[in-house]
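Chain letters run A, B, ... following the sequence lines, proteins first, then strands; residues in each count from 1. Computed from a predicted structure; not experimentally measured.
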Protein chains: 2
Amino acid sequence: MSEVGAAQAADQPEISFDGDPLALERQVCFALAVASRSVIALYRPLLEPLGLTHPQYLVMLALWQRTPRSVKELSAVLQLDAGTLSPLLKRLEAAGLLVRQRDAGDERALAVTLTERGTALREQALRIPEAVVRRLGMSLAELQHLHESLTRVIAAANAGDPDSGERP
Amino acid sequence: MSEVGAAQAADQPEISFDGDPLALERQVCFALAVASRSVIALYRPLLEPLGLTHPQYLVMLALWQRTPRSVKELSAVLQLDAGTLSPLLKRLEAAGLLVRQRDAGDERALAVTLTERGTALREQALRIPEAVVRRLGMSLAELQHLHESLTRVIAAANAGDPDSGERP
DNA sequence: CACAATCATTTTGTACACTAACCAATGGTG
DNA sequence: CACCATTGGTTAGTGTACAAAATGATTGTG
């Protein structure tokens, strides 16, 4: 028997059980991180046949809605750093799903355009949302509700930021 | 300015709101990922004076609740891979916040124990939760509610998994 | 038109996160 | 007690994330 995980001692004179503001189980940031990882893990087996990671899937969602798009535009829509997108887009290009070429009108910008193969992949992606919801086994109403809550948190978190919101 | 997000039609009470099941703005996984990153970004400036990243902060929360703990135990509580924790714990050890030594009772297991410095750091961490809530500017009730929603998603996502739940 | 400021993107460096392969200690079982 | 599947950790490899510096194109101002 290991001695590491011995039961919590009864003699905790200072701050106590549920009055602890640092209690792990009560941190929203912890719940967010775990929920995010857990749900993304659900996508992994579904995305693997398409050869996509979850961030790559999100980029494809953005491009299926509109193409071509610049890195800056993708960065804004996905709320992802341009420095993160750069290598990610290169991998998608290497996979033959898109091409990266300079914008004719503005040589600074990149025009990220889906290839035929990239566009066609959407057909297979169409099954994914339903499969995830089924695996989750939660009601659509509750998921919708969660989505609204998350949208409010995102707005609140971005409210005091240099980017994102705050228009004077 | 681009006209990307043309306004949503009036009201569709049932399924298929704007028709596209792959619409980025409707994906719960996307909202989760963005919310998680946005909220964690809020912690960055607060954690920087303590010399901690957010994952490291979560490990410290777990250890402030109980120490020593094995890697396996931390892995279970934090829902984090042991392969992720291993280098993370080494960095915390290098920072002088904990020590990693083999468990006397079971040489396979590691006893992760807070140092005095690691224990003392809790005092400064105590201010963080309130500061984050203030920056978010959301009511405690709504945060509490979100936490409950997230807990249900986590449970649902882990329900069909090899790990976590499901004991026949 | 020169040229500094700005802009879009890329690169570099550090730190997660997960899979898979690996290794040493452990604890049945015959 | 010798065999060997299991267990607890570590390592390697790939792919995000983010900050900060670097690169190259574009624009505003004189």
| query | If you measure only the distance, is there a donor-acceptor pair under 3.5 Å linking the side chains of B/Glu25 and A/Gln65? | reply | yes

| note | Per atom distances to the A/Asp81 side chain, the nearest of D/dG15, C/dC7, D/dA19 is D/dA19

| query | Is any NZ, NE, NH1 or NH2 atom of the basic residue among A/Arg102 and A/Glu107 found under 4.0 Å from an Asp or Glu carboxylate oxygen of the other? | reply | no

| said: If you only use heavy atoms from C-beta on, which nucleotide in D/dG9, D/dT26, C/dC16 is closest to the side chain of A/Asp106? | reply: D/dT26

| task | Report which part of the nucleic acid B/Ala82 touches: base, sugar-phosphate, or nothing (heavy-atom distance under 4.0 Å, all strands). | result | base

| query | Which of the following nucleotides, D/dA25, C/dT26, C/dC16, is nearest to the side chain of B/Arg108? | reply | C/dT26

| query | Is the closest basic N to carboxylate O distance between A/Arg152 and A/Glu148 below 4.0 Å? | reply | no

| remark: Checking D/dG15, D/dT11, C/dA25 against the side chain of B/Ser86 (C-beta onward), the nearest is D/dT11

| Hey, does the side chain of B/Ser75 reach the backbone of B/Leu80 with a donor-acceptor pair shorter than 3.5 angstrom? | yes

| request: Could you check how far NZ of B/Lys72 sits from C1' of D/dT7, rounded to whole Å? | output: 8 Å

| message | When you measure from the side chain of A/Thr119 to the backbone of A/Thr115, do you find a donor-acceptor pair of N or O atoms at a distance under 3.5 Å? | response | yes

| Between C/dT9, D/dT10, C/dC16, which one does the side chain of B/Gln56 approach most closely? | C/dC16

| message | By the 4.0 Å heavy-atom rule, please label A/Asp103 as base, sugar-phosphate, or nothing. | response | nothing

| Euclidean distance, atom NE2 of residue A/His54 to atom P of C/dC16 [Å, nearest integer] | 22 Å

| task | Mind checking B/Leu85 for me? I need base, sugar-phosphate or nothing, with any heavy atom below 4.0 Å counting as a touch. | result | nothing

| Whole angstrom value for the distance that separates P of C/dA15 from CG of B/Leu52 | 12 Å

| request: Would you please confirm or rule out a distance under 4.0 Å between OP1 or OP2 of C/dT9 and any side-chain N or O of A/Arg100? | output: no

| B/Glu48 CD - D/dC18 C1' separation (whole Å) | 13 Å

| request: Check whether any side-chain N or O of A/Lys90 sits under 4.0 Å from OP1 or OP2 of C/dT11, and answer yes or no. | output: yes

| query | Taking the nucleotide of DNA chain C with the closest heavy atom to each, which residue, A/Ala111 or A/Arg44, is nearer the 5' end? | reply | A/Ala111

| task | Please tell me which of A/Pro55 and A/Glu107 maps to the more 5' nucleotide of DNA chain D, matching each residue to the nucleotide holding its nearest heavy atom. | result | A/Pro55

| field | Earlier contact from the 5' end, DNA chain C, for A/Arg37 and A/Ser70 | value | A/Ser70

| Minimum-distance nucleotide to A/Arg102 side chain [options: D/dG9, D/dT16, C/dT10] | C/dT10

| task | Please report, rounded to the nearest Å, how far the P atom of C/dT10 is from the CG atom of A/Leu74. | result | 11 Å

| said: Categorize A/Thr84 for me: base, sugar-phosphate, or nothing, with a 4.0 angstrom heavy-atom threshold over every strand shown. | reply: base

| What nucleotide among D/dG8, D/dC18, C/dT10 has an atom nearest to a side-chain atom of A/Val71? | C/dT10

| task | Return yes if some donor-acceptor pair links the side-chain N/O of A/Arg37 with the main-chain N/O of B/Gln79 below 3.5 Å, else return no. | result | yes

| said: Between C1' on D/dG15 and CG on A/Leu47, what's the gap in Å once rounded to a whole number? | reply: 14 Å

| said: On DNA chain D, compare the nucleotides closest to B/Leu89 and A/Thr53; which residue's is nearer the 5' end? | reply: B/Leu89

| With respect to the side chain of A/Leu80, which nucleotide from C/dA17, D/dA17, D/dA25 is positioned closest? | D/dA17

| field | Nucleotide nearest A/Leu88 when distance is taken to its side chain, options C/dT9, D/dT16, C/dC16 | value | D/dT16

